[in-house]
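To start, the structure under review is shown below, and the notes come after it.
Just follow the structure's listing: the first ligand is 1, and inside any ligand the first atom is 1. One is the number of the first residue; the rest follow in order along the sequence. Nothing here was measured: the structure is a model prediction, and the numbers come from that model.
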Amino acid sequence: MQHISLTHTHWLGCPIARWTPVAAARPAMSLPWWRWVASTDSLTARLIAAGKGRQFQVCLLRQSVGDVFADEAMALGIGRRRYAWRREVALCLDGTPWVVARSVAPLTQLRGQRLDMLGERSLGSWLFQQPGLVRGPLEVSTQSPRFIPVESLWGRRSRFQHAGLSLLVQEYFLPAMADALALPSR
Ligand SMILES: C=C(O[C@@H]1C=C(C(=O)O)C=C[C@H]1O)C(=O)O
């Protein structure tokens, strides 16, 4: 597959992200990456295991309330101008970001869920403890994230549903992770 490397600036004038169902991306994906990208259990737990003693840390980049990107609004079934809770983090091993993630949820659905109190604790650790958690289908993108100017190898997103809350979690796997784990470029 042709190596596509997009940088932050490519997003100018291109407001819609291209997301495809994970199964459709399978032919373009190596098996080692498939095991990461198509997994549906906690990425936090997987990174800690793969880190083999490296220190895992959630670095909170930004947490705010505001509107969302058009593709996020579509995935959540809300209007673009509806207020949403937005959390952006880097998942780091020994201080090196391996994954960056952006999670968004409609503000009106947060009702008493004190997600803003998470700080540098992993959202995944909280999420996967919730009874009745439902995870929607995974979608994949080769475009880099828009919320931080880094290049990623694979991006994925899925919607979690729990007690009336819809939370869209988008995770982008970075070249530093591929280097550390000797994964292929795609
Ligand atoms: C959804 C998970 O949570 C991870 C932790 C996040 C956070 O703390 O904000 C964000 C996205 C995930 O990479 C997971 O562990 O699978």
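- The nearest protein atom to atom 9 (O) of ligand 1, hydrogens excluded, is given as Arg87 NE, 2.7 Å; this is a heavy-atom distance.
- At a heavy-atom cutoff of 4.0 Å, ligand 1 is contacted by the side chain of Val169 but not by its backbone.
- Ser64 and Arg86 are linked by a side-chain donor-acceptor pair at a separation below 3.5 angstrom, with hydrogens and angles left out of the test.
- For Val89, every heavy-atom contact with ligand 1 shorter than 4.0 Å involves the side chain, none the backbone.
- In terms of protein heavy atoms, atom 2 (C) of ligand 1 is closest to Gly124 CA, 3.3 Å.
- Smallest separation of non-hydrogen atoms from Arg87 and Arg121: NH2-O, 2.9 Å.
- The shortest N or O to N or O distance between Ser42 and ligand 1 is below 3.5 Å.
- Annotation: atom 4 (C) of ligand 1 to nearest protein heavy atom, Thr44 OG1, 3.5 Å.
- Those atoms of ligand 1 with a heavy atom of Ser122 less than 4.0 angstrom away are 5 (C), 8 (O).
- A side-chain donor from one of Arg135 and Ser158 sits under 3.5 Å from a side-chain acceptor of the other.
- Scanning all protein heavy atoms for the shortest distance to atom 14 (C) of ligand 1 gives Leu43 N, 3.4 Å.
- Against a heavy-atom cut-off of under 4.0 Å, Glu171 is close to the following atoms of ligand 1: 1 (C), 2 (C), 11 (C), 12 (C), 13 (O), 16 (O).
- Exactly one of Arg102, Gln170, Gln63 qualifies for a side chain to side chain donor-acceptor pair (under 3.5 Å) with Glu88. That residue is Arg102.
- Taking atom 10 (C) of ligand 1 as the reference point, the nearest protein heavy-atom neighbour is Ala101 CB, 3.7 Å.
- Of the protein's heavy atoms, Leu123 CB, 3.7 Å lies nearest to atom 6 (C) of ligand 1.
- Using 4.0 Å as the threshold, Val99 has no heavy atom nearer than that to any atom of ligand 1.
- Between Trp126 and His162, the shortest heavy-atom distance links the atoms CH2-CD2, 4.0 Å.
- Polar contact check, Val58 against ligand 1: no nitrogen or oxygen pair lies under 3.5 Å apart.
- Side-chain contact check for Trp85 and Asp116: no donor-acceptor pair (N or O, by modelled atom type) lies under 3.5 Å.
- Numbered from 1 in the order shown, with element, the atoms of ligand 1 that lie under 4.0 Å from a heavy atom of Leu91 read 13 (O).
- Ring geometry for Phe128 against Phe160 counts as perpendicular: the plane angle is over 60°, on a 0 to 90° scale with 30° as the lower cut.
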